[in-house]
Amino acid sequence: MLSYIYRLFREFELHMGYAPNVLFINHEHMEHLKSSFEPQSNLDDIRDRLGLEILLRRGALHPSVNWVASAARKTG
C-alpha cells in the first residue's frame, strides 16, 4: 500500500509541479495502510509520516491524492 501511495504522490507532483496534501481512501484501504506501520501507530502518526491529510470516503474505489486548500492549513 505504501508503494502505491508513493507512486500516486510522485505522479501527482511530477504532473502538477507541486506535492499533494490529501490522500483519499476508504476504510479497507486504511486498514491495509495501518498494517504498513508499527502496531502502536495511530492516525496522527501515519499522517505525519506521509505528510498528507487522510480523508476516508466510503465510495473511494482506489486511493487517490490531490491538493486541497483547506487541508493545507492542517498539514502546513
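Keep in mind that this is a model prediction, so the values were computed, not measured.
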Listing, residues 4-14 side-chain donor-acceptor contacts under 3.5 Å, not counting sequence neighbours, or none:
from, atom 1, to, atom 2, distance (Å)
Arg10, NH1, Glu13, OE1, 2.5

Atom pairs and distances, side-chain donor-acceptor, residues 25-34, under 3.5 Å, sequence neighbours left out:
from, atom 1, to, atom 2, distance (Å)
Asn26, OD1, Glu28, N, 3.0
Asn26, OD1, His29, N, 2.8
Asn26, OD1, His29, ND1, 3.1
Asn26, ND2, Ala60, O, 2.8
His29, ND1, Asn26, N, 3.1
His29, NE2, Leu61, O, 3.4

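Residues passing the side-chain contact (heavy atoms from CB on, under 4.5 Å) test with Asp45 are Ser41, Asn42, sequence neighbours excluded. Residues satisfying the side-chain hydrogen bond (donor to acceptor under 3.5 Å, both in side chains) test with Ser64, not counting sequence neighbours, are none. Applying the side-chain hydrogen bond (donor to acceptor under 3.5 Å, both in side chains) test to Asp44 and every residue at least two apart in sequence or in another chain returns Arg47.
None of Leu52, Val65, Leu55 except one satisfies the side chain to side chain contact (heavy atoms under 4.5 Å, CB included) rule with Phe24; the exception is Leu55.
The closest side-chain heavy-atom distance from Met1 to Pro63 is below 4.5 Å. At a threshold of 4.5 Å between non-hydrogen side-chain atoms, the residues Met16 and Trp67 do not count as touching.
Distance check, rounded to the nearest 0.5 Å: CG of Leu50 to CG of Asn21 gives 12.5 Å.
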